Structures are given as structure tokens and as C-alpha cells.
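Encoded as C-alpha cells, the structure appears first; notes follow it.
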Amino acid sequence: MAIIVQKFGGTSLADAEKIRRAAERVIKAVKSGFSVVVVASARGRQTDELIADALELNPNPPRREMDQLLSTGEQQSVSLFAMALDAAGYDAISFTGGQIQMMTDSVHTKARIKSIGAERIQKQLDEGKIVLVAGFQGIDENGNVTTLGRGGSDTTAVALAAALRTQECEIYTDVDGIHTTDPRIFKNAAKMEQVSFDEMLEMASLGAGVMHPRAIEFGKKYGIKIHVRSSIKEEDGTIITHEVPQMEDIVVSGATVQKNMAKIDLVNVDNKPGNAAKIFASLAKARVVVNDIMQTEVSGEKANLSFLIGISDLTAAKDAIEQIKSEINCEGIFIRDDIAEISVVGVGMRTHYGVAERMFGALAKAKVNIDSITTSEIRISCVVNKNQADEALRVVSTAFELDKPAEQRAKS
Ligand code: ASP
Ligand code: MG
């Protein structure tokens with residue numbers, strides 16, 4: 001029988017009624033002939049509440065204990081879900097990550113999946129059961145519980161689809177799909193019918209917040225079609241899939257804003273081999289994830305170097321830079337935590353010209369100053385003042401007609 005993986009987010013499981021409704025979606029798939037594997041997140045705001053509980057007792061809780069604690073949210077979801085299915089007359093069995101050999105590395109709170117033992121799940125499916133797996137968690141080689149980082153249940157779901165060799169993975173959520181941009185800021189943002197893995201990866205890591213970026217990476221690697229859809233409405237949502245030629249007809253697929261960033265400028269660093277490596281080795285040692293690195297030569301002897309980091313890594317990054325500051329002969333460190341990054345994303349950028357002009361023009365017209373610009377093959381990003389971020393996203397979204405369905409937008 002064909003297997004389908006269905007993941008339910010926390011908001012779709014917030015109370016008994018919602019769990020019942022989610023169970024109905026599962027039963028519907030069973031009735032249409034699928035063997036169903038359900039992945040569930042912690043209910044409602046439970047993960048946030050558990051974090052708050054932890055911080056009340058210890059401002060710097062041991063990460064291992066944090067994982068031990070946070071994993072309980074998902075464990076509650078799957079057992080309650082199994083009970084709801086049982087009440088409806090369906091055979092169901094729930095597992096924690098550890099129970100199905102969801103093996104990860106030992107980086108607590110940010111673990112990465114290494115392998116999955118699909119046998120136990122397969123055996124239960126073969127016996128006609130609905131299998132429920134607690135999302136977001138795994139176990140390391142020493143038997144310690146790990147978690148995959150906030151939003152990690154998406155990754156559990158897509159990784160399970162890969163391990164079970166199915167191409168179907170549905171992500172049920174409280175929105176009806178993925179929008180071209182954040183509808184809370186740009187009210188009329190259109191729902192995307194489909195989007196490529198590469199676009200979604202850019203958008204997810206740029207803070208679109210809809211999907212865990214690692215989930216998209218798994219999807220791309222193993223060719224899993226991911227369907228993000230509403231847990232309430234029946235209509236199709238957004239399919240994340242491999243790129244098809246028509247996708248290039250669309251100039252820009254989406255726009256994002258990222259507000260939780262900080263920018264670090266290192267001024268007049270000695271311009272000699274090995275210095276950039278030293279800076280980023282020091283940051284890597286402090287586990288700081290760095291984005292959008294820019295370096296420009298000032299003179300033969302000196303260079304300026306800037307990069308973006310998540311604001312939560314700012315203290316760690318400052319310390320890391322202080323440690324090597326004299327070694328690289330850095331004359332000044334400037335830090336901005338009042339910035340936001342606005343980006344437009346689209347595989348169509350490879351074949352359309354004038355995209356940069358359209359974006360910068362829209363920002364200029366709205367009198368938004370651009371601090372710095374970075375690009376990739378399918379993305380243009382501008383750092384702007386945080387207090388202008390929403391306005392910037394709106395004018396850029398308007399310029400690329402992100403309120404219209406893709407096929408109705410101007411082609412150039
Ligand atoms: N419960 C976890 C979180 O809130 C994982 C997830 O929802 O995917 O981040
Ligand atoms: Mg999520």
C-alpha cells in the first residue's frame with residue numbers, strides 16, 4: 001500500500017476538537033487506501049511555555065536537559081492523537097523519536113538527523129496500524145534525547161517520507177498554503193500554487209517562517225513533493241517540488257523580511273591571506289551562523305568586511321571577534337542591531353533582466369535607504385532600517401505584483 005506522511009503543526013492540535021479534526025484528515029487518507037504515518041508537533045504554544053518554565057529556574061539551562069524537557073510536548077501530542085484515532089475505531093500506535101531510531105548527532109537543541117530505522121514503522125503499517133511519530137526529536141548514539149531546532153517537526157516528517165521511500169508528504173497547518181510574502185504585512189499576498197525547492201530554501205532561511213529549512217533540504221535531496229495545506233479547508237495548498245521550466249516565467253516568486261538580524265562591520269582589517277579565514281573560524285567555533293558576507297578592498301593593505309548574523313548570536317559573535325581583533329589588526333567594529341533584510345526570490349531572475357532596478361526603484365520611491373545589497377543567482381537582498389522594514393516589504397511586493405496569481409503578473 002502507498003504510504004503517506006502527514007504532519008500536523010501545533011496550532012492544528014491545540015485542543016481536543018482540533019485533534020479530532022486532524023484525526024479525520026488521517027482517516028480520510030486511510031479510507032482512500034493509504035498507509036498513514038502521522039508526525040505531530042507540540043500542541044499550541046507548549047514549546048514556548050516549556051522554554052519559559054526552564055528559564056524561570058535557570059537562565060542558562062543545560063542543553064541536554066532542555067531537549068529532555070522540550071521533547072515531551074510532541075510526545076503528548078502523538079499519544080493524544082492515537083487515543084483520538086482509537087476512539088474513532090482505528091488502530092493506532094505512537095512512538096517517540098528514540099523509539100523509532102531517529103538517530104541524530106549530539107548537538108543538543110540543534111541536532112541533525114543521521115539515520116532513521118524505518119523497520120519498526122513499516123512493521124506496524126504492515127499490520128494495518130496508523131503510526132504516529134513525535135516530531136522534532138531524536139536520540140544520539142549514547143541514548144540522549146535530542147531536538148532538531150525550533151520548527152523541526154517539518155524535518156522529521158520529510159525525513160520519514162524519505163526513509164519510507166514515499167514521495168508524499170503533507171504538512172497541515174493553520175494557513176492555507178505558502179504565500180508570496182507575509183500576509184500580516186502585505187495583506188493581499190497571493191497563495192503560491194507551487195514553488196521550487198531552491199526558492200523555498202532561500203525563503204525559508206530568509207525568515208519566511210513557514211517551513212523548517214532542513215525539511216526543504218531533505219525534500220530536494222530525496223525528491224519528496226511537499227504539500228503545505230490547511231488543516232481546516234479541503235482545498236489544495238502549495239506544492240514544494242523540483243523546478244519545472246514554467247517556473248522561470250515568473251520574475252519574482254516571493255519576498256521576505258527578516259527582522260531578527262544584526263550587522264557587523266569590521267573596518268580596516270589587514271588585507272592578507274588567512275585573515276578572513278581567522279575571523280570566520282573564530283565565529284564558527286562560537287557556533288555563530290553567518291549570512292551575506294561582503295568584503296571590499298580599501299587599499300592594497302586594508303579591507304572592510306561585513307556580515308549578518310541572527311540577533312540572538314550577537315553576544316557570542318562580539319566575543320569571537322574581540323578574541324581575534326588584534327591578530328587581524330582591525331581598526332573598528334561597528335554593530336547595527338536596528339536593521340532588517342528585505343529579499344526578493346525567484347528562479348525567474350536567471351532569465352529576466354531589470355529585477356534589481358525594479359526592487360531598488362520601489363525602495364527609492366518610498367524613500368527607504370539601502371544600507372547594503374547582496375545577491376545570489378535567485379535572490380536580491382537589501383539591508384534597510386528596521387523601522388522601515390514593513391513599508392519596504394509592501395512597496396517591493398507591490399512592485400512585483402505579489403498580490404496576483406503568478407500567471408497574471410507582468411512578464412518583465
Ligand atoms: N514544537 C517545536 C517548536 O515549537 C517543533 C515544531 O513545532 O516543529 O519549535
Ligand atoms: Mg512550523
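Remember, it's a predicted structure, so these values are computed and weren't measured experimentally. What you see below is based on every heavy atom in this structure, not just the backbone, and it leaves out hydrogens, waters and symmetry mates. Numbering of ligands and ligand atoms starts at 1, following listing order.
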What's the shortest distance from atom 7 (O) of ligand 1 to any protein heavy atom, and which residue and atom give it?
Ser41 OG, 3.3 Å
Glu74, any N or O under 3.5 Å of ligand 1 N or O
yes
Gly152: heavy atom below 4.0 Å from ligand 1, yes or no?
yes
Atoms of ligand 1 under 4.0 Å from any heavy atom of Ser153, numbered from 1 in the order shown, are 5 (C), 6 (C), 8 (O)
Does Gly151 reach ligand 1 with a nitrogen or oxygen that is under 3.5 Å from one of the ligand's nitrogen or oxygen atoms?
yes
Residue Arg63 excluded, over 12 heavy atoms near CZ under 6.0 Å
no
Testing Ile333, Val288, Ile328, Ile335 for side-chain contact (heavy atoms from CB on, under 4.5 Å) with Ile321, which one passes?
Ile333
Residue set satisfying ring-ring contact (aromatic ring centres under 6.0 Å, His included) with Phe400, at least two apart, ordered chain then number -> none
Does Glu170 pair with Lys7 as a salt bridge, N-O distance under 4.0 Å?
no
Tell me the ring-ring contact (aromatic ring centres under 6.0 Å, His included) pairs involving residues 46-84, sequence neighbours left out?
Phe8-Phe81
Could you give the distance from CZ (Arg409) to CG (Asp249), rounded to the nearest 0.5 Å?
12.0 Å
Going by distance only, is there an N or O of Arg150 that falls short of 3.5 Å from an N or O of ligand 1?
yes
Examine the proximity of ligand 1 to Gln46 and report which part, side chain or backbone, both or neither, has a heavy atom under 4.0 Å away.
neither
